[in-house]
A.B. asks: 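Once you've had a glance at the structure underneath, I'll fire off some questions.
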Amino acid sequence: MADSPVFECVCEVLERSSSLDRLESRGTVRLALKQAGLEARSVSASQMKVVLEKVLPEELASRGVDDVDALLGETVSALATVESGVQHDSPESVFARLGG
Amino acid sequence: MLLLLGISSLISLAAALVLGIRLLRLAAHTRGVPELAMGASFLLGGFLGFLFILIGNPAAGVALPVPVTEMLFRLGMSLISVGLCFTYIFVWQTFRPGSSSVRGLTLTAIVCILASLWAVWSATIEEALVSPLYLFGEAVRMGGMVWGCIEALHYHVVMRRRLALGLADPVVTNRFLLWGIAMGAGIITALTGLCMTLFGMTEMVGLGAWPYLVLGIFATISPVAQWFAFFPPRGYCEWVQGSAVEAS
């Protein structure tokens, strides 16, 4: 299954505006998502914003990326233009429904 | 011990009936396949199938002619099997709806389960219960519960990570754990019942009361966990939410 547009957008900004190459930026975002219990193929924009705020700064800093705050600000701005894409019925939404 | 088994059976029947109706009503409203599959599983397997087997069981104290008890057993096993086919569909549609390989495995499992019913309908009950075809079907039936248990507990771990970041509802997170527990308890109940069948009731009696105790305890845990998962009392929800706030 393809990765979500939200994931692609964040990876592109990191690749373009930081010292990380394509593989490093995608790997870093995947690790951050895993830490947050999310997946690249289904992450939504609102979920990604939380990851950018709470998980990614530490991941980027540990990889020696400079000016993390400016980079994340740019990423959040880019996210505003991205739609989450088709949202499938996730296990979370199914179990939320089942409880009524 | 029989009283404990009787009480756990009644709890199981009541939970399956109420949850089955509730989930089918939800499915009629949402048109969702997972709730339809789970509701059908509860109603056909957990309620009707189990009820037929209970009525036909001599231990229930209902003195029915042998052909009637055999027919009840065959119908009961068939309904339970169909119910577990719906469990497979629920797990597939909930956790891996986009995977064509999982769809193939699910359909294969359903064919295996339905084919294994040949043993139940073509031989006496005593012969059927120890036939390789029936035992193979039993393994596939349990496979669905094992798969569901693993998926639910794995997703509970994932949801706990989301919860730590404020990205998940504590009650929904807890629902995965409860459903995993219900599936796990169902597996232990089914395994204990299978051992009783394979090794004979008399040998099990020789071992003491523990097999009945295990059966009674886990046959109670499963419906109670399902009830708390899909029909959580308000107080329980508040407790789960309060615990999540304390932990964060």
Side-chain angles (χ1 to χ4, degrees), chain A residues 1-10 27-62 68 72 75-76 79-80 82 84-100, chain B residues 19 22-23 25-27 29-39 42 90-100 148 151-152 154-180 226-233 236-237 240:
Chain A
M1 197 180 279
D3 293 326
S4 81
V6 168
F7 172 78
E8 295 293 349
C9 168
V10 171
T28 303
V29 179
R30 275 188 204 284
L31 280 174
L33 288 176
K34 190 176 179 186
Q35 227 174 297
L38 299 167
E39 291 177 340
R41 62 189 162 92
S42 59
V43 62
S44 69
S46 56
Q47 289 171 331
M48 185 59 98
K49 277 178 191 160
V50 176
V51 173
L52 290 175
E53 186 188 322
K54 295 184 176 174
V55 185
L56 210 54
E58 201 175 315
E59 291 290 326
L60 291 172
S62 72
V68 171
L72 291 178
T75 314
V76 171
L79 265 185
V82 179
S84 293
V86 180
Q87 288 297 305
H88 294 283
D89 215 4
S90 67
E92 185 179 359
S93 61
V94 171
F95 268 65
R97 275 202 317 266
L98 294 182
Chain B
L19 291 173
R22 187 176 178 279
L23 290 175
R25 285 181 64 182
L26 179 70
H29 179 65
T30 62
R31 307 273 173 205
V33 176
E35 44 268 54
L36 176 66
M38 186 44 62
F42 274 131
F90 171 78
V91 179
W92 161 43
Q93 283 291 303
T94 302
F95 294 100
R96 316 226 169 229
S99 167
S100 55
E151 291 280 19
H154 169 254
Y155 217 84
H156 175 248
V157 173
V158 167
M159 290 289 287
R160 279 177 65 92
R161 290 186 195 147
R162 292 183 195 179
L163 188 61
L165 295 172
L167 285 170
D169 181 345
V171 175
V172 177
T173 304
N174 180 259
R175 191 165 294 145
F176 284 95
L177 175 65
L178 287 171
W179 199 70
Q226 281 167 344
W227 187 275
F228 274 71
F230 299 129
F231 225 148
Y236 180 73
C237 290
V240 170

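FYI, side chains are in, hydrogens and waters are out, and symmetry mates aren't considered; it's all heavy atoms of this structure. Numbers restart at 1 for each chain; the letters A, B, ... are given by sequence-line order, proteins then strands.
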A.B. asks: Select, from B:T173, B:L167, B:V171, the one with the greatest count of heavy-atom pairs under 4.5 Å involving chain A.
C.D. replies: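 Top count of heavy-atom pairs under 4.5 Å with chain A: B:L167.
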A.B. asks: Roughly how far, to the nearest 0.5 Å, is the SG atom of A:C9 from the CE atom of A:M48?
C.D. replies: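 If we round to the nearest 0.5 Å, A:M48:CE and A:C9:SG are 8.5 Å apart.
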A.B. asks: Between chain B and each of A:E92, A:E53, A:E39, A:K34, count heavy-atom pairs under 4.5 Å; write down the option with the most.
C.D. replies: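 Most heavy-atom pairs under 4.5 Å with chain B: A:E92.
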A.B. asks: Taking side chain as everything from C-beta outward and backbone as N, CA, C, O, which of these in A:Q35 sits under 4.5 Å from a heavy atom of chain B? Side chain, backbone, both or neither.
C.D. replies: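 The backbone, not the side chain.
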A.B. asks: Is the gap between the ring centers of B:W179 and B:Y155 under 6.0 Å?
C.D. replies: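 Centroid distance B:W179-B:Y155: not below 6.0 Å, so no.
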A.B. asks: Which label fits A:F95 and B:F90: parallel for a plane angle under 30°, tilted from 30 to 60°, or perpendicular past 60°?
C.D. replies: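 Taking B:F90 first and then A:F95, their aromatic rings sit tilted (interplane angle of 30° to 60°).
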A.B. asks: Using the six-membered ring of B:F230, assess whether NZ or CZ of B:R22 lies under 6.0 Å from its centre and within 45 degrees of the ring axis.
C.D. replies: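 No, B:R22 does not lie over the aromatic ring of B:F230.
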A.B. asks: Need one label for B:A27: side chain, backbone, both or neither, based on atoms under 4.5 Å from any heavy atom in chain A.
C.D. replies: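 Neither part, no heavy atoms under 4.5 Å.
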